[in-house]
Amino acid sequence: MLGHNMTREELTAALRGRGVNPTRQRIEIAHAIFSRREHLSADQILALVNDRAAATSKATVYNTLNLFLEKRLLREVIVDPSKVFYDPNTEPHHHFYNVDTGELTDIDARDIRVTGLPELPQGMAAEGVDIIVRVRSSAG
């Protein structure tokens, strides 16, 4: 997992170490993601990158996010088909999703126990279990 206090030079080295060619745009995208340690949408990442640097296209952001997912630098958290977040925390954990605010927060994996999973299809191995607990304000 990349650290949130990394300089752009350290990010460049870390990307190279994961087999990612560190272009200027990829470094800026990585910095936007890993310096904040937040769950961000592609549009939020695009806005952060374009606030700091010359225009980066939406396609470049999506292509870079897909590359980072492939290299396991990020996790994709799909809270519903129209809301996808990119999570820089690749350690096992789960999430609370606040349906009122759209905020996604981490739940330590040690705080949840999953039992009774079905037998996996032959030749398959479990990659992980993702739990999203949807919450909303009880007031009102």
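Quick caveat, the model's predicted, so the values are computed rather than measured.
- Contact detail for H31 and S35: the closest heavy-atom pair is O-OG, 2.5 Å.
- Annotation: side-chain contact (heavy atoms from CB on, under 4.5 Å) contacts of R16 (sequence neighbours excluded): T12, P22.
- Checking side-chain atoms of R26 against main-chain N and O of N21 turns up a donor-acceptor pair under 3.5 Å.
- Cluster membership for I132 and V84, using ILVMFWY side-chain heavy atoms within less than 4.5 angstrom, is not shared.
- Counting only distance, with no hydrogens or angles, the side chain of N98 and the backbone of R136 share no donor-acceptor pair below 3.5 Å.
- Atom-to-atom distance recorded for D43:CG and L48:CG is 11.0 Å, nearest 0.5 angstrom.
- Both Y62 and L15 belong to a common hydrophobic cluster when Ile, Leu, Val, Met, Phe, Trp and Tyr are linked at side-chain heavy-atom distances under 4.5 angstrom.
- With sequence neighbours left out, the side-chain contact (heavy atoms from CB on, under 4.5 Å) criterion links E10 to M6, T7.
- Listed by chain and residue number, H39, R75, V77, D87, H93, L104, D106 satisfy the side-chain contact (heavy atoms from CB on, under 4.5 Å) test with H95 (two or more places apart in sequence, or in another chain).
- Side-chain contact between E28 and R8 is present, with heavy atoms from C-beta onward closer than 4.5 Å.
- Under a 3.5 Å cut-off, the side chain of T64 and the backbone N or O of T60 do form a donor-acceptor pair.
- Scanning both residues, A30 and L11, for their nearest heavy atoms gives C-CD1, 4.1 Å.
- Side-chain contact between R37 and N89 is present, with heavy atoms from C-beta onward closer than 4.5 Å.
- Here the OH atom belonging to Y86 is positioned 9.0 Å from the CD1 atom belonging to I33, to the nearest 0.5 angstrom.
- Residues L46 and T56 approach most closely at CD1-O, 3.1 Å, considering heavy atoms.
- Here the CD1-CZ distance, from I29 to F34, works out to 11.0 Å after rounding to the nearest 0.5 Å.
- No single ILVMFWY cluster, assembled from side-chain heavy atoms under 4.5 Å apart, contains both F85 and L65.
- Residues that satisfy the side-chain contact (heavy atoms from CB on, under 4.5 Å) test with A109, not counting sequence neighbours, are P92, H94.
- In terms of heavy atoms, L74 sits closest to P88 at CD2-CA, 3.9 Å.
- Scanning for salt bridge (charged side-chain N to carboxylate O under 4.0 Å, His left out) contacts around D80 gives an empty result, with sequence neighbours left out.
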Please report the C-alpha distance between F96 and T105 in whole Å, then the side-chain angles of each, then the deciding distance to 0.1 Å, and finally whether the side-chain contact (heavy atoms from CB on, under 4.5 Å) criterion is met.
CA-CA 5 Å; F96 283 118; T105 54; 3.5 Å; yes
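- In this structure, CG on N63 lies 10.5 Å from CD on Q25, to the nearest 0.5 angstrom.
- With hydrogens and angles disregarded, no donor-acceptor distance shorter than 3.5 Å links the side chain of D111 to the backbone of I107.
- Linking ILVMFWY residues whenever their side-chain heavy atoms come closer than 4.5 Å, directly or via other members, places L69 and L73 in the same cluster.
- In this structure, the separation between CZ on R18 and CD on E70 is 12.0 Å, given to the nearest 0.5 Å.
- Cluster annotation: V135 and V79 are assigned to distinct hydrophobic clusters (Ile/Leu/Val/Met/Phe/Trp/Tyr, side-chain heavy-atom contacts under 4.5 Å, transitive).
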Donor-acceptor pairs are to be reported for all side-chain atoms of residues 112-126 against protein atoms at under 3.5 Å, with residues two or more places apart or in another chain.
unit_1, atom_1, unit_2, atom_2, d
R113, NH1, R110, O, 3.2

